[in-house]
J.: 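The structure that follows is given in the form of structure tokens.
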Number of protein chains: 2
Amino acid sequence: MTKVLLVDDHAIMIDGLKSMLSTRTDLRVSATASSAGFALAYLAKDHIDLMITDYSMPDIDGLELVKRAKSQFPDLKIIMLSMHDEPAIINAVMKAGLDAYILKKYALEELSHAIDAIQAGRQYWSPEVTRVLLHEEKSSGLHANELTSREIEILKLLTQELNSRQIAEKLFISERTVETHRKNLLRKTQCATTIGLIKYAYLHKLI
Amino acid sequence: MTKVLLVDDHAIMIDGLKSMLSTRTDLRVSATASSAGFALAYLAKDHIDLMITDYSMPDIDGLELVKRAKSQFPDLKIIMLSMHDEPAIINAVMKAGLDAYILKKYALEELSHAIDAIQAGRQYWSPEVTRVLLHEEKSSGLHANELTSREIEILKLLTQELNSRQIAEKLFISERTVETHRKNLLRKTQCATTIGLIKYAYLHKLI
DNA sequence: ATGGATATCAGTAGAAATACGGATATATCA
DNA sequence: TGATATATCCGTATTTCTACTGATATCCAT
């Protein structure tokens, strides 16, 4: 029996997921959490096999949640539901060790397939997601250099009006390192100033 | 019997809403639509009393949908579910004649109350929404002063990644003047850095 | 006509960002 | 193994932005 933790700050989504999963006899929803923090707390006190989580969360975002959860519980399987079809986001969470990424608009059709795949020890990538990623690789002739997950992390903190010193403190790294990341962000996105980075973040739905 | 149209591009949300509304005997879900366009098309061919719609849509956003729907069908009641708690957005849809605005995270608790209110001929504003709006009105005492057209002009040039010197050259004014305008922009929008100004510009659709 | 907002300009100082130049360690991949 | 990418760090210099202090002139409304 697969023990499942549902994570979403919208109770109605939790409800929808619950009723959807109730048709399966091979798993049981052990708990639900309305934030990434609550999810991590629950994982620490009870064994969970599969976490199904939203990307957008009130406290920390899905990328950070996957990173923390996977580092603490390497055997935990994670399925992410998200409304973002941006390659930058999908790439970042993929690299963080996510097992399945499903666009919310296809959740109803694909979630069960994803669970089947994961229970069989495989990853699941929805057609739409792979299409997006393939398309990205094609069009990546222009901006061949994808942003790394660390760079995306820095960029997100920048959009929160933090300066380099504050970001350095937050991430426990040197201010110099933050400056290097910023320099590389400017180079990769071909932006002249931080302002351009913020626009890039909006364009790629990192905000 | 209230005839309801559900609009959301995420099938699982539609599912959740349906199962939630199934407990009520005073209404019936007549149809569902996965985009604003489909919703408007359906409204034209069948009488609907109440539309429950998401704000974020693939084609046009919730604001535009409310405007069009209300202008074509003035008697139609509309409840909006949204993840955005931005005063600018809430204010805009309110002015467009929306009957209820509910944050998705509280949809489960509040949707039924909203329906009750609307069937009783009233509007429904959730506590969270009114809190946001009140806060906005309070803080709008501070920046009761809208941005001047000159300031907006400067802000737009800022979003184009121009620095103060370049803006000064472009407008044939002193760099000092540009800096004064920037200072006033920061003060009026209560932003700490230029990054905040860019976000302000996005929020207020100056970009 | 006095106060307030607007738009213009200035000096000085310091904080922050950017531009250069590097470096090291690790991991992945051909 | 060698090349590449990533993530980390450092010094120096310059540019840009922000903070603080002013100023003048116009316009508008009470």
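In what follows, chains carry the letters A, B, and so on, assigned in the order in which the sequence lines appear, proteins first and then strands, with residues in each chain numbered from 1. Computed over heavy atoms, backbone and side chain alike; hydrogens, waters and symmetry mates excluded.
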J.: What pairs of residues pass the salt bridge (Lys or Arg N to Asp or Glu O under 4.0 Å) test when at least one of them lies in residues 34-49 of chain A, not counting sequence neighbours?
T.: A:Lys3-A:Asp46
J.: For the pair made of CD1 in A:Ile154 and C1' in D:dC9, what is the distance, rounded to whole Å?
T.: 13 Å
J.: Starting from P on C:dA7, measure out to CZ on B:Arg182 and report it in whole angstrom.
T.: 17 Å
J.: Exactly one of B:His181, B:Arg182, B:Glu169 should register a side chain to side chain donor-acceptor pair (under 3.5 Å) with B:Ser164. Which one does?
T.: B:Arg182
J.: Starting at atom CG of A:Leu162, determine the distance to atom P of C:dA16, rounded to an integer number of angstrom.
T.: 12 Å
J.: Looking only at side-chain atoms of A:Lys188, point me to the closest of D:dT16, D:dT6, C:dA17.
T.: D:dT6
J.: Check this for me: does the side-chain of A:Arg176 come within 3.5 Å of the base of D:dT12 through a donor and an acceptor?
T.: yes
J.: Indicate yes or no for a side-chain donor-acceptor contact from A:Thr189 to the backbone of A:Leu185 under 3.5 Å, with no hydrogens or angles considered.
T.: yes
J.: Taking for each residue the nucleotide of DNA chain C bearing the nearest heavy atom, is the 5' side occupied by B:Ser149 or by A:Leu186?
T.: B:Ser149
J.: Does the side chain of A:His181 get closer than 4.0 angstrom to OP1 or OP2 of D:dA7 through an N or O atom?
T.: no
J.: A:Gln190 has an atom CD; how far is it from atom P of C:dT18, in whole Å?
T.: 16 Å
J.: Return the value, rounded to whole Å, for the distance between atom CD of B:Glu179 and atom P of D:dC17.
T.: 8 Å
J.: Thinking salt bridges, do B:Arg122 and B:Asp99 make one under a 4.0 Å N-O criterion?
T.: no
J.: May I ask you to evaluate whether A:Lys183 reaches the phosphate of D:dT8, defined as a side-chain N or O under 4.0 Å from OP1 or OP2?
T.: no
J.: Kindly indicate whether the side chain of B:Thr194 and the base of D:dC17 share any N or O donor-acceptor pair separated by less than 3.5 Å?
T.: no
J.: Can A:Glu64 and A:Arg68 be counted as an ion pair, charged N to O under 4.0 angstrom?
T.: yes
J.: When all nucleic acid strands are considered with a 4.0 Å heavy-atom cut-off, which category describes A:Glu151: base, sugar-phosphate, or nothing?
T.: nothing
J.: Measure the NZ-CG distance between B:Lys70 and B:Leu76 for me, rounded to the nearest 0.5 Å.
T.: 6.0 Å
J.: So, taking the atom named CD in A:Glu161 and the one named OG1 in B:Thr194, what distance separates them when rounded to the nearest 0.5 Å?
T.: 9.0 Å
J.: Should B:Arg165 be listed as having a side-chain N or O under 4.0 Å from OP1 or OP2 of D:dT15?
T.: no
J.: According to a strict under-4.0 Å criterion, is B:Arg187 in side-chain N/O contact with OP1 or OP2 of D:dA19?
T.: no
J.: Once hydrogens and angles are ignored, does a donor-acceptor distance under 3.5 Å link the base of D:dC10 to the side chain of A:Ser174?
T.: no
J.: Between C1' on D:dC17 and CG on B:Asn184, what's the gap in Å once rounded to a whole number?
T.: 15 Å
J.: Kindly write out the residues that satisfy side-chain hydrogen bond (donor to acceptor under 3.5 Å, both in side chains) with B:Tyr106, not counting sequence neighbours, or none if the list is empty.
T.: none
J.: Does B:Ser164 have a side-chain nitrogen or oxygen under 4.0 Å from the phosphate oxygens OP1 or OP2 of D:dC17?
T.: yes
J.: May I ask you to evaluate whether A:Thr193 reaches the phosphate of D:dT16, defined as a side-chain N or O under 4.0 Å from OP1 or OP2?
T.: no
J.: Roughly how many Å is it from CD in B:Glu161 to P in C:dA17, rounded to a whole number?
T.: 16 Å
J.: Looking at every strand, decide which applies to B:Glu175 at a 4.0 Å heavy-atom threshold: base, sugar-phosphate, or nothing.
T.: nothing
J.: Please determine whether a side-chain nitrogen or oxygen atom of A:Thr180 lies at a distance below 4.0 Å from atom OP1 or OP2 of D:dT8.
T.: no
J.: Does the side chain of A:Arg150 get closer than 4.0 angstrom to OP1 or OP2 of D:dT6 through an N or O atom?
T.: no
J.: Quantified as the angle between the terminal helix axes (five pairs each), what is the overall bend of the helix from C:dA1-D:dT30 to C:dA30-D:dT1 to 10 degrees?
T.: 50°
J.: Please state how far atom CG in A:Leu155 lies from atom C1' in C:dA17, giving the value in whole angstrom units.
T.: 16 Å
J.: At 4.0 Å (heavy atoms only), tell me whether A:Thr177 reaches a base, stays on the sugar-phosphate, or touches nothing.
T.: base
J.: Take a 6.0 Å sphere around CZ of A:Phe38 and say whether it holds more than 12 heavy atoms from other residues, nucleotides or ligands.
T.: no
